[in-house]
Novice: 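So that we are looking at the same thing, I have put the structure below in structure tokens.
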Number of protein chains: 2
Amino acid sequence: MNIKQIAKAAGVSVATVSRVLNHPENVAPKTREKIQKIIEDKEYKPNWFAQGLNFNRTKTIGLIIPYILNSTYMEIAKGVEDVALQKGYTTFMCNVEKNNRIESEYIEQLLTRKVDGIILMFSFLQEENLKAVQEDGVPIVLIGENKDIKGFNSVRVDCKAGAEGMIRNFIEYGHKTIGILYGSDPEQESRDMLEGYREVLEENGIAIEEKYIKAVDNTIEGGYLGAKKMVADGPPQAIFATSDDIAYGAMDAIKDLGMKVPDDVAVAGFGNARMSNLVEPKLTTVELPFHKMGIYGARLLFDLIEDEDKINEKPRQITLQTKQRIRKSCGHKERIGEMF
Amino acid sequence: MNIKQIAKAAGVSVATVSRVLNHPENVAPKTREKIQKIIEDKEYKPNWFAQGLNFNRTKTIGLIIPYILNSTYMEIAKGVEDVALQKGYTTFMCNVEKNNRIESEYIEQLLTRKVDGIILMFSFLQEENLKAVQEDGVPIVLIGENKDIKGFNSVRVDCKAGAEGMIRNFIEYGHKTIGILYGSDPEQESRDMLEGYREVLEENGIAIEEKYIKAVDNTIEGGYLGAKKMVADGPPQAIFATSDDIAYGAMDAIKDLGMKVPDDVAVAGFGNARMSNLVEPKLTTVELPFHKMGIYGARLLFDLIEDEDKINEKPRQITLQTKQRIRKSCGHKERIGEMF
DNA sequence: GTGAAAGCGCTAACAA
DNA sequence: TTGTTAGCGCTTTCAC
């Protein structure tokens with residue numbers, strides 16, 4: 001079913017049918033209604049390619065996701081999708097497996113398919129690559145920091161403040177030796193948190209001991225291995241992990257070494273993943289506004305898509321704050337109480 | 001940059017350039033190389049829409065996902081994507097929030113965007129709707145059963161056998177009263193498991209008591225509420241849950257009622273979600289081959305895409321088997337031993 | 001208010 | 001082996 005057949009059926013020219021589709025106000029009401037009815041009846045849908053060839057607009061956005069098996073990333077994705085759907089856009093979700101080669105390839109794909117804009121979550125790419133895309137006329141928004149990239153519209157979380165708050169808690173609870181297990185990614189955020197950790201300890205006159213600072217893989221296994229080493233070397237009273245996954249692994253390791261969480265070693269994580277209140281003891285953690293990050297990111301993008309000039313304005317950077325979720329694993333008995 | 005400019009730069013006609021792109025063997029090596037070099041230099045990419053207008057092939061497939069926050073679905077998705085990527089296809093992932101209206105809308109979108117095929121995971125749609133799509137020439141593959149739909153190429157899991165095996169284990173371990181918490185979705189699979197449950201009890205001469213059979217929401221909360229009721233009414237010695245989420249909730253409820261898992265009530269789940277060996281006690285469960293489901297599903301689809309005649313052949317249905325993961329929660333002490 | 005026709009960028013049949 | 005050209009389905013300018 002194509003426009004020609006509709007035109008013939010209505011006894012008009014293709015131009016008139018096209019007008020009904022795109023500028024109905026320019027068509028006489030009577031002809032318009034007649035044509036609309038035929039379109040309905042025949043379930044005519046304009047050909048996507050033919051339209052694209054003329055418009056170069058696809059009502060599609062691309063979303064780069066570091067790793068789809070991680071449900072925290074998917075929560076952000078859901079935020080993006082919610083906004084997109086409401087705007088009548090479709091979202092191309094791309095799983096890049098934390099690999100910048102795959103990420104580049106997907107960007108290419110998205111450009112080929114003429115998406116109207118791209119959102120990158122914790123991008124592994126370099127600034128110059130992204131700049132090139134944007135200069136091609138496809139707006140870009142960054143959600144979350146992996147590399148230290150400026151100059152784009154972006155949404156970030158104040159991870160440093162979040163980490164600092166948790167370390168301060170530990171100190172307040174009376175812990176004198178505090179370890180940190182920090183993940184290798186997202187790079188920038190992990191660095192920020194490590195920095196926060198050091199600053200708070202210094203502020204409070206606590207000596208910084210390198211044996212309590214350990215870089216690990218941002219996985220359960222990474223946390224397990226890192227904690228096992230750290231604890232075996234003489235355990236700190238508390239451990240802060242830069243992700244919940246790391247914290248889970250750490251808790252497992254502590255238990256395996258015959259010690260108890262939080263009595264022997266308190267633990268806190270970062271992210272408030274869904275299973276944080278299922279593990280035993282329930283994990284104290286820093287909650288991130290994932291869904292909101294997605295929503296704000298998408299809004300930034302649609303601002304750019306809908307107003308072409310904005311792409312040349314000074315980029316906006318939105319910073320969101322974290323929240324503490326105090327549960328049993330950090331050893332603070334008074335503030336516990338959450339069911340799900 | 002378009003084909004005309006390349007042609008001019010190379011001093012040939014557009015047809016020749018097009019040939020280099022699509023049938024390079026029909027171009028004299030010298031001309032071909034010359035043109036290829038220019039294409040490289042100018043980073044020329046054929047226009048997506050113009051190509052589509054001629055080919056009506058997009059090298060894109062659609063993937064309907066019930067709910068992206070559930071990482072088990074995303075494991076299937078990853079299987080699909082792995083195959084697609086290898087075939088040079090891009091995957092459109094669509095999150096339908098377990099809602100058949102959204103699902104229909106996305107199918108429309110996918111058709112508009114001319115995907116070459118669609119994979120539906122646990123589709124909520126009716127058979128006739130899907131038939132219509134396939135008759136439009138877009139092949140369809142089903143992964144997992146929600147509705148009872150025949151007549152399509154599909155990948156399913158023998159859930160019934162999986163459930164039966166676990167119930168048999170319980171009986172073998174000496175449990176005389178066994179409850180089941182079955183989720184509302186996926187519908188068909190849950191029904192199968194309930195049927196398996198009844199059959200095994202009958203086979204073993206165990207009376208079926210309706211108070212031990214409870215339909216719940218397929219969520220942690222659902223499991224919690226269902227188990228609370230069941231256990232408060234006089235607990236069974238063991239509970240089988242048709243999903244891990246339900247099992248987590250059940251374990252929480254049992255603990256909240258002051259009883260111990262597995263000593264007072266043994267628990268087993270279904271799915272082997274990532275956190276099953278993080279909860280305390282670690283959850284005994286039935287492992288499903290999610291990744292494989294995705295891979296097989298994708299292969300079925302590409303068979304259909306690549307060989308148009310196959311769409312009229314008798315559909316193939318692949319049935320995969322489950323595996324048991326015996327951990328602490330079921331109370332069988334001897335077979336425990338897993339770290340991650 | 002409507003129609004004829006050019007053109008979007010590409011492919012492929014046909015001709016040379 | 002290469003070029004010319006029609007045509008894919010649609011939008012839009014220009015006439016009427």
Novice: Could you work out which one of D:dT2, D:dT4, C:dG1 sits closest to the side chain of B:A28?
Specialist: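 Closest nucleotide among those given: D:dT2.
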Novice: Under the side chain to side chain contact (heavy atoms under 4.5 Å, CB included) criterion, do A:R156 and A:Q188 qualify, and how do the steps go?
Specialist: CA-CA 11 Å; A:R156 61 183 292 277; A:Q188 186 56 35; over 6 Å; no
Novice: Whole angstrom is fine here: how far is it from CD1 in B:I39 over to P in C:dG9?
Specialist: 16 Å
Novice: If I compare all heavy atoms of B:M121 with all of B:P66, which pair ends up nearest, and what's the gap?
Specialist: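 Between these two residues, the closest heavy atoms are O-CG, 3.5 Å.
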Novice: B:R57 has an atom CZ; how far is it from atom P of C:dT11, in whole Å?
Specialist: 15 Å
Novice: Students often mix this up, so state it plainly: with edges at 30° and 60°, are the rings of A:F49 and B:W48 parallel, tilted or perpendicular?
Specialist: perpendicular
Novice: Over how many whole Å does the gap from B:I35 atom CD1 to C:dC10 atom P extend?
Specialist: 14 Å
Novice: Can we say B:D303 and B:R316 salt-bridge, meaning some charged N sits less than 4.0 Å from an Asp/Glu carboxylate O?
Specialist: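 Between B:R316 and B:D303 there is a salt bridge, with a charged N closer than 4.0 Å to a carboxylate O.
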Novice: What one-letter contact string describes nucleotides 8-16 of chain D from 5' to 3', where B marks a base within less than 4.0 Å of any protein heavy atom, S marks contact via sugar-phosphate atoms alone, and - marks no contact?
Specialist: BBBBBB---
Novice: Does the pair B:R101/B:E105 count as a salt bridge with the N-to-O cut at 4.0 Å?
Specialist: yes
Novice: Is the closest basic N to carboxylate O distance between A:K78 and B:E97 below 4.0 Å?
Specialist: yes
Novice: Indicate whether OP1 or OP2 belonging to C:dG1 is found under 4.0 Å from a side-chain N or O atom of A:T31.
Specialist: no
Novice: Verify whether one side chain among B:R113 and A:T60 offers a donor that lies under 3.5 Å from an acceptor in the other.
Specialist: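 A:T60 and B:R113 do have a side-chain donor-acceptor pair below 3.5 Å.
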Novice: Rounded to the nearest angstrom, tell me the gap between atom NZ in A:K34 and atom C1' in C:dG1.
Specialist: 14 Å
Novice: Angle between the end axes of the helix from C:dG1-D:dC16 to C:dA16-D:dT1, five pairs per end, to the nearest 10 degrees?
Specialist: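 Taking the rotation axis at each end, their angle is 40°.
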Novice: Between A:T91 and A:E81, is there a donor-acceptor pair closer than 3.5 Å when you use the side chain of the first and the backbone of the second?
Specialist: no
